[in-house]
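A short worksheet on the structure shown next.
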Amino acid sequence: MTTTVDEPTLGTLERRARQRTGTFGEDALIACDSLVRIYQSEGVEVQALQGLDLLVNAGELVAIVGASGSGKSTLLAVLSGLDVPTAGRVRVGDWDLMAMSSRQRVEYRRSMVGFVWQQTARNLVPYLTAAENVMFPMALAGVGRKERAARAVELLAMLGVAYGADRRPGQLSGGEQQRVAIAVGLANRPQVLFADEPTGELDTATSSDVLEAMRTVNRELGTTVVVVTHDAGVSEHVQRTVAIRDGRTSSEVVRTTRTHEDGTEHTVAEEFAVLDRAGRVQLPQEYRETLELVGRVRLALEDSHVSVWPDRPRPAATSAPAPEATVDAAPDEETR
Ligand code: ADP
Ligand code: MG
């Protein structure tokens, strides 16, 4: 027997939830839906992405963090159109990355997205000056000489490296080279800038400059920025940090600015677990160890949250079990 619910009796939240089930991440600029990437090497299968979900809205600056081997570069290779996943769906703007022809792929890479890689040598042509490096992708896209020169000056100035316009990469520091690389990535006005460990070869102070440069780009040009790093300190520079573990998004740190009654502002960083499309959530190791949560657990639906209990015989006398790990299910409105 099926039960039908009249639309008017549904609350706003339920209606919204129903609408959401239409297409996953419809409103997002970047939507990764259950991405899987399996590499075969010498007969051994490596699952670099294991059903990864990620949504990024237009205009966001998002950092992706994770241990080495967690799948960060694989994800960026997919998003930048260099690699095709084994399964799942991935869309950036109107581009369906699973169904692009090789011509469309070239066009996507030239017009929609820009990249900055960890190796400074991969970003810049060594025998061209910084300005020439920035003008190079514009020449490939058929932009006129005058406009190329003007845009190069403008971008290098915004990134604080105008003084190095006539220097070759070898005459610039690592941090300066990466800021020029950001300018190169932005030359053709992409909607999205991807950066894979752009600070990997830099010291802490210089890394901070490069991350601030990404923030400037995001704020001044409105470019959506996705930056991958193994540097956990990145979350201080961005609004949203997504952690990847074993090829899946596992948790997020969201920073919000709150204004107090006395008018003072301060930033609050909150950590969230990510509930995937199948309803799975990863409990932090620390919680599992503290409460010896292994194998089977009991779940209970409370008024405003879900609680997770170890599968242990309950002491006969106590009706209410001792406090356990709870997964807070506060309505998302409050955190946006
Ligand atoms: P990260 O960038 O987070 O360090 P990667 O995306 O580079 O992680 O790698 C994820 C996993 O996939 C690792 O186990 C890695 O060894 C494996 N891997 C990556 N690229 C290849 C490849 N071309 N062939 C086989 N295995 C690969
Ligand atoms: Mg990597």
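Numbering of residues begins at 1 and proceeds along the displayed sequence. Order of listing sets the numbers, starting from 1, for every ligand and every atom in it.
- Taking the six-membered ring where the residue is Trp, H266 and H260 present tilted rings, their angle falling between 30° and 60°.
- With ligand atoms numbered from 1 in the order given, ligand 1 contributes 4 (O) to contacts under 4.0 Å with heavy atoms of S68.
- Using a 4.0 Å cutoff on heavy atoms, G66 does not count as a contact of ligand 1.
- Looking at atom 8 (O) of ligand 1, its nearest protein heavy atom turns out to be G71 N, 3.2 Å.
- Residue Q239 places its CD atom among 12 or fewer non-hydrogen atoms of other residues, nucleotides or ligands, all under 6.0 Å distant.
- Taking every heavy atom of A67 and a limit of under 4.0 angstrom, the matching atoms of ligand 1 come to 3 (O).
- Near S73, meaning under 4.0 Å from any of its heavy atoms, are these atoms of ligand 1: 1 (P), 2 (O), 6 (O), 7 (O).
- Exactly one of T223, V227, T224 qualifies for a side chain to side chain contact (heavy atoms under 4.5 Å, CB included) with L193. That residue is T223.
- Protein heavy atom at the shortest distance from atom 10 (C) of ligand 1 is G69 O, 3.4 Å.
- Residue side and main chain included, S68 places no N/O/S atom under 2.8 Å of the Mg ion (ligand 2).
- Heavy atoms of other residues, nucleotides or ligands lying less than 6.0 angstrom from CG of D262 number more than 12.
- In terms of protein heavy-atom proximity, atom 27 (C) of ligand 1 is nearest to Y39 CD1, 3.2 Å.
- Heavy-atom neighbours of R255 CZ from other residues, nucleotides or ligands within 6.0 Å: above the threshold of 12.
- The cluster map of Ile, Leu, Val, Met, Phe, Trp and Tyr, joined by side-chain heavy atoms under 4.5 Å apart, puts V65 and V254 in different clusters.
- Ligand 1 has no nitrogen or oxygen under 3.5 angstrom from a nitrogen or oxygen of V46.
- Residue contacts with ligand 1: A48 is placed with no nitrogen or oxygen under 3.5 Å of a nitrogen or oxygen of the ligand (distance criterion only).
- Residue contacts with ligand 1: T74 is placed with a nitrogen or oxygen under 3.5 Å of a nitrogen or oxygen of the ligand (distance criterion only).
- A donor-acceptor contact closer than 3.5 angstrom is absent between the side chains of Q178 and T199.
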